[in-house]
Amino acid sequence: MARAIPTSRRLAFTALAWIIGLLIFFPIAWIILTSFKTEAVAIADPPVFVNFEWTLENYCLVGLFPEADAQGNGGWLRGLMCDPDTPQRSDYTRFLMNSIVIALGSTLLGLLIAVPAAWSMAFVPGKGTKNILLWMLSTKMLPAVGVLYPIRLILIELNMLDSKGSMIFILTMINLPIIIWMLYTYFREIPVEILEAARMDGAGLKEEILYVLTPMAVPGIASTVLLNIILAWNEAFWTLTLTTVDAAPLSAFIASYSSPEGLFYAKLSAASAMAIAPILIMGWFSQKQLVRGLTFGAVK
Amino acid sequence: MGRITLDKVQKSFGEVEVIPPLDLTIEDGEFVVFVGPSGCGKSTLLRLIAGLEDVSGGHIRIDGKDATLVPPAKRGLAMVFQSYALYPHMSVRKNIAFPLRMAKMDKAERDRRVQEAADILNLTDYIDRRPGQLSGGQRQRVAIGRAIVREPAAFLFDEPLSNLDAALRVGMRLEISELHKRLETTMVYVTHDQVEAMTMADKIVVLRAGIIEQVGSPLDLYHTPKNLFVAGFIGSPKMNLLDGDLAKPHDATTIGVRPEHITPSPTEGTWTGKIGVSEHLGSDTFFHVHMEGRRDPVTIRAAGEVDMHRGDTIYLTPNAERIHRFGADGLRMP
Amino acid sequence: MATQHSRSAARTMMAPAVFLLLVWMLVPLILTLWFSVMDYRPLRGTFECCEGLGNYIRFASSSSFQDAIVTTLIMVGGILLITVTGGILLALLLDQPIWGQGIVRILVIAPFFVMPTVAALVWKNMFMNPVNGLLAHLWEFFGAEPISWLTQVPLFSIIIIVSWIWLPFATLILLTAIQSLDSEQMEAAEMDGASPIARFFYIVLPHLSRAITVVILIQTIFLLSIFAEIFVTTGGGFGTRTLTYLVYQRVIESQNVGLGSAGGIFAVILANIVAIFLMRMVGKNLDK
């Protein structure tokens, strides 16, 4: 845009955009604010916005700062941040660990399967490549509820219901089409000529992948990882229906607040804030890549 | 050493035969240019030599050894790509050193060779930059640098200048010719630009639809084009190809006269016409002359400035010794 | 194009992905198909052959199925309407030269990253609660009677919650599409005398049509299987039972697996109809 825009118009647009932006963001801001209130302040009528006494009590209650274990290890952070009389009501860190293990595990496993597949489809396309890609995408469209019971049954047979391993596998399979597609669109942007140049320069397949392809694909792989972690982290069908205690991630942990504990706004807020914070931050960093990943390359 | 022999080399993509069996010998130290319109198979032929495509039939020999099944990395050839194909994540230095690194050369020798190449190509000032920070001409030099460090048996160039602007192209053309004189290594160069072919080549190979139309030195092709295609393709502006009543007196189906072999006159000559567009370049003047009963204008070239203009009647006299005669089959008549 | 050697290597590298997805897709689907023709009620220990199409007929003729279809259509349609129109307007606004564009963009995108369970719970308790919810306070502030959102207008409430999550998605994609519009095209239209409104309808909207279609198709795929938002808010009550939720209730809550599986197959068919259109769009894109 080389032309000057009248300041008044720019001002009006700016004001409008900010108002709408803040409105859309407000629920998240409200969660964060409420998480620092006491329960009494949280339900005050009329509502209090910022001029209250901020407290970490809820985070302590929900279990952000874990207590020392039986051997007396850890727990120093809790001593630092929390009132010694505040009990730890739930085991946030365990659910957090489950979320991390499942999200990272399924992402790594997914990459391991997807990178070679996407590589070969991008650089050695055959007649069937297009159809294979579309078929892979079509598996993503299969409604989960249509296959819920058989999978539950299989897991029970294998004695793997409510296990992290089975959740990692299921989330890998759910997101595999997206990972392959995203990597495929990134790989396809690497000019074939560069790989040919490497071949002419004396690089074998191993050197080609190691010194040329991988460094060029790192940005694409990174954003694929990011998107996949977000999707796995927020997944809430399989986690709600197939986990109970051992493998339950944060999405299931929060669902346990649905009643009647949900009426404790401050604690609910603290738990929610802790569940969404990591992903919110990651998401902001990956918003551009997200478009490509979520539209299977149809919009860039 | 770099003598490349193609023996009945043939290439098909599926059902489509892009290159019918073809024989060609490229002598050691020769600068050979493959030229032809787009889609004529010249790049495919180069890629077959490089090993980036499998041949469907025939044999490729490099210095007498059968290289048909040898992977590209082991053929000892270097290639400069149209898009330069530089590694965007490596500095200029690393780009140039890459083939040496692949050859597991020791570091001191590597650095010496990279420095030498950088000196030859005037890259010393940019040696630690990334390709993204370089201009088109500089990238082109890096690509050439990457090719020369490994001292290949032959260089392969795939339309290397087509992404450069006109002024730079002339400069790079000279540089590549200089490089060839200095290294005396075989070079195989693909282009669709006949000017590049004429100015650089020791030997031109004119291709059409995968078939070699003519092989010869630039002046061979200029003076004795074997057929209508070569006649029309080589030379700028294009040769005038005239048929019908103008060809009859010469016992030919078609005659060809180059614009520079027609003398214009305001008063007398063999043919008459009216001047259409005229291009005054200062050093030369080009007239497009419309002759009665002919759809395409005849192009003529007059040296220096000529005081004739649009709409004027002009008389043309072709140089009788420079008339090329072609038969009904499109081949040159003796 | 490549050589013979690399082609066989490629096939080997593709094999694991193809094999796993094939198993993942076929095994459960075949089991579901099998269960759907059985009288299978694990709690009663019934597992008998063969109902034939009985389960399908019973599922399709029940009033809850028809209600569920209507609910699903209203829910998906409502969310699509809100997110797509809202998304276009927001994208147009964000494309204007505004101060702090990057920050506004971040604010607008944020809800998409909120876990569905969190979004639903927070809206349910902290906003839509008729006593302590923020919306109740807002209504009182204007002197109106607070609404009990999730019992009085449950379907609409869920539409709002889900739209809040998906509006950022539509906005983000449409904004990306608008920004890919060649500015010379807009300048040419301006030189041709097109007003801003004419430019929107003749240049911008046609340019966006592809992206809009993609947004609609992808959202439909995800929205057809909305689960967590219903699970934590109404639990499928008050007329918010979608097809997905109905199947879930039949299979897991009332453990009538045969009947539920038949319903699951209906859900698969419904999703496939949408999927076919999406695949065509994406497929065309591949050829370029």
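Lettering follows sequence order; numbering is per chain, from 1. Computed from a predicted structure; not experimentally measured. Basis for what follows: all heavy atoms, side chains included, without hydrogens, waters or symmetry-related copies.
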Turns out that what part of A:I20 lies under 4.5 Å from chain C's heavy atoms comes down to side chain
Applying a strict 4.5 Å limit to non-hydrogen atoms, the region of A:L153 in contact with chain C is side chain
Exercise for review: Would you check if C:E229 and C:I165 make a side-chain contact, meaning some heavy-atom pair closer than 4.5 Å?
Suggested key: yes
Answer key: most heavy-atom pairs under 4.5 Å with chain C among A:L240, A:I230, A:L23 is A:L240
Cut-off 4.5 Å, heavy atoms of chain A, and the answer for C:L93 is side chain
Turns out that what part of C:L22 lies under 4.5 Å from chain A's heavy atoms comes down to both
From the list C:T117, C:T32, C:V108, C:L21, the residue making the most non-hydrogen contacts under 4.5 Å with chain A is C:L21
Ranked by heavy-atom pairs below 4.5 Å to chain A, first place among C:W123, C:W99, C:W24, C:F112 goes to C:W99
Among A:S120, A:A29, A:A271, the residue with the most heavy-atom pairs under 4.5 Å to chain C is A:S120
If one checks every heavy atom of A:T34 against chain C at 4.5 Å, the contacting part turns out to be side chain
Whatever's closer than 4.5 Å to a heavy atom in chain C on A:A144 counts as neither
Handout entry: Polar side-chain atom of C:N125 near backbone of A:Y265 as donor-acceptor pair, under 3.5 Å
Key = no
Heavy atoms, side chains only, cut-off 4.5 Å: are C:L224 and C:L243 in contact?
no
If one checks every heavy atom of C:I106 against chain A at 4.5 Å, the contacting part turns out to be both
Honestly, the part of A:L148 sitting under 4.5 Å from a heavy atom of chain C is side chain
Most heavy-atom pairs under 4.5 Å with chain A, out of C:M115, C:Q179, C:Q96, belong to C:M115
Pair count under 4.5 Å, heavy atoms only, with chain A: among C:Y245, C:F266, C:Y248, highest is C:Y248
Turns out that what part of A:L231 lies under 4.5 Å from chain C's heavy atoms comes down to neither
Counting heavy-atom pairs under 4.5 Å with chain C, the top scorer among A:S269, A:A236, A:S251, A:G110 is A:S251
A:A114 meets the side-chain contact (heavy atoms from CB on, under 4.5 Å) criterion, sequence neighbours left out, with A:L176, A:I179, A:I180, A:L183
*Do the side chain of A:W233 and the main chain of A:S99 share a donor and acceptor less than 3.5 angstrom apart?*
no
The interface call for A:T241 against chain C, heavy-atom contacts under 4.5 Å, is side chain
Heaviest contributor of heavy-atom pairs below 4.5 Å to chain A, chosen from C:I276, C:V215, C:V104, is C:V104
Sequence neighbours excluded, the answer for salt bridge (charged side-chain N to carboxylate O under 4.0 Å, His left out) partners of A:E193 is none
So, the part of C:V257 with a heavy atom under 4.5 Å from chain A: the answer is side chain
Discussion item. Ring-plane angle category for A:W181 and A:Y184, please: parallel below 30°, perpendicular beyond 60°, tilted otherwise.
Written reply: perpendicular
Q. Would a 4.5 Å heavy-atom cut-off, applied to side chains only, mark A:L268 and C:L121 as touching?
A. yes
- Task: Mark yes or no for whether C:D95, through its side chain, and C:A91, through its backbone, hold a donor-acceptor pair below 3.5 Å.
- Result: no
From the list A:S272, A:P27, A:G21, the residue making the most non-hydrogen contacts under 4.5 Å with chain C is A:P27
Would you confirm whether C:S261, through its side chain, and C:W34, through its main-chain N or O, come within 3.5 Å as a donor-acceptor pair? no
